[in-house]
Protein chains: 4
Amino acid sequence: MTTRNELGTRVSRSRAAVIGATAQLLTEGGLGAATIDAIRDRSGVSKTTIYKHWPNRLCVAIDAFADRLALDTAMPDTGTAREDLTQQIRTVSAFYSSPVGSAFAGILSQAAQDEDARAWLETRLADSRQHGIHVLWQRAVLHGEVRSDLTADLAFDILFGPLMWRLVTGRQALDDGEVDALVASVLV
Amino acid sequence: MTTRNELGTRVSRSRAAVIGATAQLLTEGGLGAATIDAIRDRSGVSKTTIYKHWPNRLCVAIDAFADRLALDTAMPDTGTAREDLTQQIRTVSAFYSSPVGSAFAGILSQAAQDEDARAWLETRLADSRQHGIHVLWQRAVLHGEVRSDLTADLAFDILFGPLMWRLVTGRQALDDGEVDALVASVLV
Amino acid sequence: MTTRNELGTRVSRSRAAVIGATAQLLTEGGLGAATIDAIRDRSGVSKTTIYKHWPNRLCVAIDAFADRLALDTAMPDTGTAREDLTQQIRTVSAFYSSPVGSAFAGILSQAAQDEDARAWLETRLADSRQHGIHVLWQRAVLHGEVRSDLTADLAFDILFGPLMWRLVTGRQALDDGEVDALVASVLV
Amino acid sequence: MTTRNELGTRVSRSRAAVIGATAQLLTEGGLGAATIDAIRDRSGVSKTTIYKHWPNRLCVAIDAFADRLALDTAMPDTGTAREDLTQQIRTVSAFYSSPVGSAFAGILSQAAQDEDARAWLETRLADSRQHGIHVLWQRAVLHGEVRSDLTADLAFDILFGPLMWRLVTGRQALDDGEVDALVASVLV
DNA sequence: TACTAAACGAGACGGTACGTCGCGTCTTATT
DNA sequence: AATAAGACGCGACGTACCGTCTCGTTTAGTA
């Protein structure tokens, strides 16, 4: 086996160090603190190497974000579709309002003007873009619990949009009652 | 009164030139193009003067944005609360997906990490923050058309969040049917 | 008088600081030490400003070199052409073997592959290229002291080439007797 | 004897490939083009191997240069010392102004600040440093054709210095008449 | 009408981060 | 043992945009 991608490879050790350092920096100072030079200093990985793995600093931030996202938003399975959805929205909402999550708005809006970053976002968050919500949604559809005038896409917009909007307008995350009301908006 | 703030004043001429140039630049190349030097070149107003009127470039962008927002989203009055709301959401959605509007996500997320800009946003968009929607919402409340489990705040989040989310995830604005469904989410 | 070029101007103060720092660095560690960042640190002038005045680091070095050259190789006037020539060759030889002078070979050979630097060299050393030797040579010609089979150009090559060659091959500068013999090569 | 240094050895095949590739690169783009990575790509020899045979890139260049020098400047034997000298100077002058030769100035001036390279130069060009000129000079001495006030060293400086000086100042090589005049400078 | 204070223009400047390039080292198979 | 493949750290490069500054000029409103 010539090309391994396992832990222990030099590549994956560098990658991990960079992602870790970046996540720390995002946590501490937001997107603005996740400077390439800061990442280098924190991770001990040289700029050369960083740029060999990522096209620019935004893509590093995306990976660091995606990493934490995957860790922090495991999909629930409570038995009922409504409860699962509610649970998931709460989790994601909490993540967005966490230090790393709050960098997401910045990442998204910067990525809007960067071809590389847009593509990177696509591949890193594509399927998990709605954070595993598709599966939950399908369950709810099967149970006949969803509003008939909503496509899945629009439903997701209604569910996630407000979370991001709260974040971006600098207000508190939704509390439990608000999440209930939000989920109610898309179910019958 | 020695120093007036009317048209014709040197100050207000500078201000107008800067706002205009900035709006153009936002239109053409997004927030990234609205460089201070670009604004200077385009407006003919020197950096010295620009920084005498605004604390930093983000605040200039905010004013340029607010200017266009005021122009492009006049409040409707169709007679029925539901229709007014729908109309307004359509207008705002259209504005967000316009070139200048699409810079809004960037403005917001940058402003999140800039005290001056946050304050500026507050004062410039404060009352019109939800774009005159408060009045419309009050009308709907009086007509008993709104869901009882929603506060005004949450309702606005549900209405505006998805618009921004679409913008920020790089997809099309909501079409008319989708806006209908969205508005339906907050009404009985 | 709007645009002055005198001492005291911000521009000329920066320029002087940069040239001075560069000359020091050339002295201490040769061309390799005259890094842009080192020049910035030493001079207190920012990279931005340096690059506003010079197209690249080689051109800065050229100016620093030219500056010292002008200072250190004033033209002699002893009365006799032969003696003047000898004097001048001694002076230039000494300068070449001085710390700054010894960077000259590097400057020249690097400039060979850099269009900007070549042009810069041309303008900075053009007339003084042969270090004022033209005048001395003309005097010698008038006195009928020069070999008839030599053009001025070839004569200068014979006079200066060996100085540079010594430098570049890492040997001592010519001693007085050797300079006498060298000058004798081009005179009758 | 297991490790021979003859053609056919892995070592010597690598060596030859590297030297050849380097010479090509020097020809095409001067010293600046003879990058270690370029040499690797061109020669198919890995960096590991290159650095096993040479301490740094300058030394590779030196060997490539010396190789071509040996090929292109065979010593003449016309019968008369003056003619031999003239011939040799012409040959060397031509070589210096050839693409590979013109990298020589760069090699020398870089080597001036690199201990390894200086040593390398010494061993590779030492005896042939003046390109076999010693022998010719001895012949001329025996014939009583040389100026009595010149040591061999100074004579060589006068002969070779101008060649390099022309090269380094970016002008044409000496033409035949000029070489005649140059040689005349060191003979009676 | 002349004066004076504010506003302004031009542009030099320091600073921070960017993304790139080449060097020479090191690691890990392969031959 | 010598090689290939290529990841890596390092240090310098030249660029971009920020926001500050200095200095000389214009422009209103007053004296």
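Below, chain A is the first sequence line, B the second, and so on; all start at residue 1. Values reported hereafter were calculated over all heavy atoms of this structure, with side chains retained and with hydrogens, waters and symmetry mates removed.
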Closer to the 5' end of DNA chain E via nearest nucleotide, is it D:Thr48 or C:Lys47?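 Its nearest nucleotide lies further toward 5', so the answer is C:Lys47.
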Among residues 23-43 of chain A, which residues get a heavy atom nearer than 4.0 Å to DNA chain E? A:Thr35, A:Ile36, A:Asp37
Let me know the distance between [atom1] of [X] and [atom2] of [N], rounded to the nearest Å.
X	N	atom1	atom2	value
D:Arg13	F:dA4	CZ	P	10 Å
C:Ile50	F:dC13	CD1	P	9 Å
D:Asp116	E:dC23	CG	P	15 Å

By the salt bridge (Lys or Arg N to Asp or Glu O under 4.0 Å) test, which pairs, at least two apart or in different chains, include something from residues 25-37 of chain B? B:Glu28-B:Arg42, B:Asp37-B:Arg40, B:Asp37-B:Lys47
I need the full list of salt bridge (Lys or Arg N to Asp or Glu O under 4.0 Å) pairs touching residues 107-116 of chain C, with sequence neighbours left out, sorted by first then second residue.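 Residue pairs with at least one partner in residues 107-116 of chain C: C:Glu115-C:Arg118.
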N/O donor-acceptor pair under 3.5 Å between [X] side chain and [Y] backbone:
X	Y	result
A:Arg57	A:Ala34	yes
D:Ser98	D:Gly101	yes
A:Asn56	A:Cys59	yes
B:Thr9	B:Ser12	no

Applying side chain to side chain contact (heavy atoms under 4.5 Å, CB included), name anything that partners B:Ala112, two or more places apart in sequence or on another chain. none
Sequence neighbours excluded, the answer for side chain to side chain donor-acceptor pair (under 3.5 Å) partners of A:Thr49 is A:Ser46
Let me know, please, whether A:Ser46 or B:Asp114 comes out on the 5' side of the other along DNA chain F by nearest nucleotide.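 Of the two residues, A:Ser46 wins.
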Below the 4.0 Å mark, does E:dA7 have OP1 or OP2 next to a side-chain nitrogen or oxygen of B:Ser14?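 So the side-chain polar atoms of B:Ser14 never come under 4.0 Å of the phosphate oxygens OP1 or OP2 of E:dA7.
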At less than 4.0 Å, is any side-chain N or O atom of A:Thr9 found next to OP1 or OP2 of F:dA7? Yes or no.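 For F:dA7, neither OP1 nor OP2 has a side-chain N or O of A:Thr9 closer than 4.0 Å.
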Can you pull out the residues from residues 51-59 of chain C that lie within a 4.0 Å heavy-atom distance of DNA chain F?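 Only C:Tyr51, C:Asn56, C:Arg57 qualify.
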